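Data block below; observations after.
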Protein chains: 2
Amino acid sequence: MNHFSLSDFDRLPLSDRDRLQLNQSFRRRTFKKKIKVLNQGDVCTEIYFVRSGLVKLCYHTLDGKEYIKSFIKEGGMFGSLNSLLNNAGSTFSVIALEDLIVDAVAYATFFNLANKYPEFHAVSLNFFQQLALKKEIREYELLCLSAQQRYEKFRLQEADLMHRIKQSDLASYLGITPVALSRMKNKSNLKIK
Amino acid sequence: MNHFSLSDFDRLPLSDRDRLQLNQSFRRRTFKKKIKVLNQGDVCTEIYFVRSGLVKLCYHTLDGKEYIKSFIKEGGMFGSLNSLLNNAGSTFSVIALEDLIVDAVAYATFFNLANKYPEFHAVSLNFFQQLALKKEIREYELLCLSAQQRYEKFRLQEADLMHRIKQSDLASYLGITPVALSRMKNKSNLKIK
DNA sequence: TCACTTTGTTAACCTCGGTTAATTACTTTC
DNA sequence: GAAAGTAATTAACCGAGGTTAACAAAGTGA
């Protein structure tokens, strides 16, 4: 969940009282690297704004495999759609890949303010629009591109993440094994030489 | 784009004048089977509600391959996010798989009414929420499930579509070739015997 | 600094799905 | 109802990626 950040709220014409309420409803939380921020299956009706650090959102299967949905870094946000919309357990876990600072806010707070301020409603609408668009792009990549093409795209578009994440996590994001990724990288190196 | 239909509007407490305007802004269109309803690359700022029939939303690649994003049947709706949100060309085409009746409405009409009626805003918010959720589920399937598992899931959850679509279109939706799907089907038949 | 753990590389082997092509079965259409 | 087009099946072959395992490299910690 990206394309939307805390600073979006600063632009809203809230009353002093409501702005205070909004600010107070944020709870700052910190997590050490490798700590699980959200556990797959747990209901989580908060939204998290990442101030610094990096997390991975990932599915864990019964046979112990991990598939990475997405990476969220500083400036981004995340939350569980299945919890927010269906009040059900999150379909994925969230794990800190770097020491993490987030601001958490209950989704209910959003709803209350959205009923009061049309501008706020536009913000939340925009958020879900951008999320749907982002998911659609990921769907396209998984459906139409080969692992090799997904790798090249990630390398170009997420250059800064390339040296912040483990190669095995990148492989899991691309939908292949670490062995396959290592193999692939060196094959394309040969072509360059 | 599903989980949202024309009947949602009937429940809205619009004024007589606005309801008339809303009803008048719908344009009924019909398409024969096999006709392209929307061409990949064209800007399309309308939303389509499917009254009867069936369409496929699909990506076409430069080398002539087709990948099916989703099927939309009567009661469902579709539109191009990239056109609605970015005023850019649609990333996919829409093709009628059966004779089709749709009601088309300009997305701008939505925006205008949403600014006027909070209830309307909730409808559009809900729409994008459900769309994001749907895309997330598809992402999960493509990332975590094998072709075989995706086939079984489709067979159970979209039973009515199984005999309305060509096997080659199902294969394209699952992300494999028609040959692979035929092979897979018969392999699992053997197991049943 | 030396042991220990984690991560990445490489090789051998295997499976699944892609490609091509021939064959059969079904639809259209005239 | 015959001809032409469209779908599905099957087989042979190939390549990408999975699996396992052994090894190397790089962190991490007492």
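When reading the values below, keep in mind they use all heavy atoms of this one structure, side chains included, and skip hydrogens, waters and symmetry mates. Each chain gets a letter, A, B and so on, in the order the sequences are listed, and its residues count up from 1. Predicted model only: the values in this text are computed from it and were never measured.
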Hey, is E74(B) close enough to R51(B) for a salt bridge, meaning N to O under 4.0 Å? no

So CG of N126(B) and CG of L125(A): to nearest 0.5 Å the spacing works out to 11.0 Å

E136(A) and K69(B) ion-paired at < 4.0 Å: yes

If you measure from the Lys or Arg side-chain nitrogens to the Asp or Glu carboxylate oxygens, is any gap between D160(A) and K73(A) under 4.0 Å? yes

So among R150(A), K153(A), K134(A), which one has a salt bridge (charged side-chain N to carboxylate O under 4.0 Å, His left out) with E141(A)? K153(A)

What is the per-nucleotide protein-contact pattern of nucleotides 6-18 of chain D, from the 5' end, where B denotes a base atom under 4.0 Å from a protein heavy atom, S denotes such proximity for sugar-phosphate atoms only, and - denotes neither? -SSSBBB----BB

Global bending angle along the helix from dT1(C)-dA30(D) to dC30(C)-dG1(D), which compares the axes of five pairs at either end, to 10 degrees: 50°

Think R27(A) forms a cation-pi with Y48(A), using NZ or CZ under 6.0 Å from the six-ring centre and within 45 degrees of its axis? no

Are the charged groups of E139(A) and K135(B) less than 4.0 angstrom apart, N to O? yes

Counting primed atoms plus P, OP1 and OP2 as sugar-phosphate and everything else as base, spell out the protein contacts along nucleotides 23-30 of chain C at 4.0 Å heavy-atom distance: B, S or - for each nucleotide, 5' to 3'. --------

Could you measure the distance from the OH atom of Y59(A) to the CG atom of L145(B)? Nearest 0.5 Å is fine. 10.0 Å

Stacked cation flag R28(A) on F49(A), 6.0 angstrom / 45 deg: no

Applying side-chain hydrogen bond (donor to acceptor under 3.5 Å, both in side chains) to D63(A) and T61(A), what does each step give before you reach the verdict? CA-CA 5 Å; D63(A) 54 337; T61(A) 62; 2.6 Å; yes

Rounded to the nearest angstrom, tell me the gap between atom NE2 in H163(A) and atom P in dA26(D). 18 Å

Specify the separation, in whole Å, of atom OH of Y67(B) and atom C1' of dG17(C). 12 Å

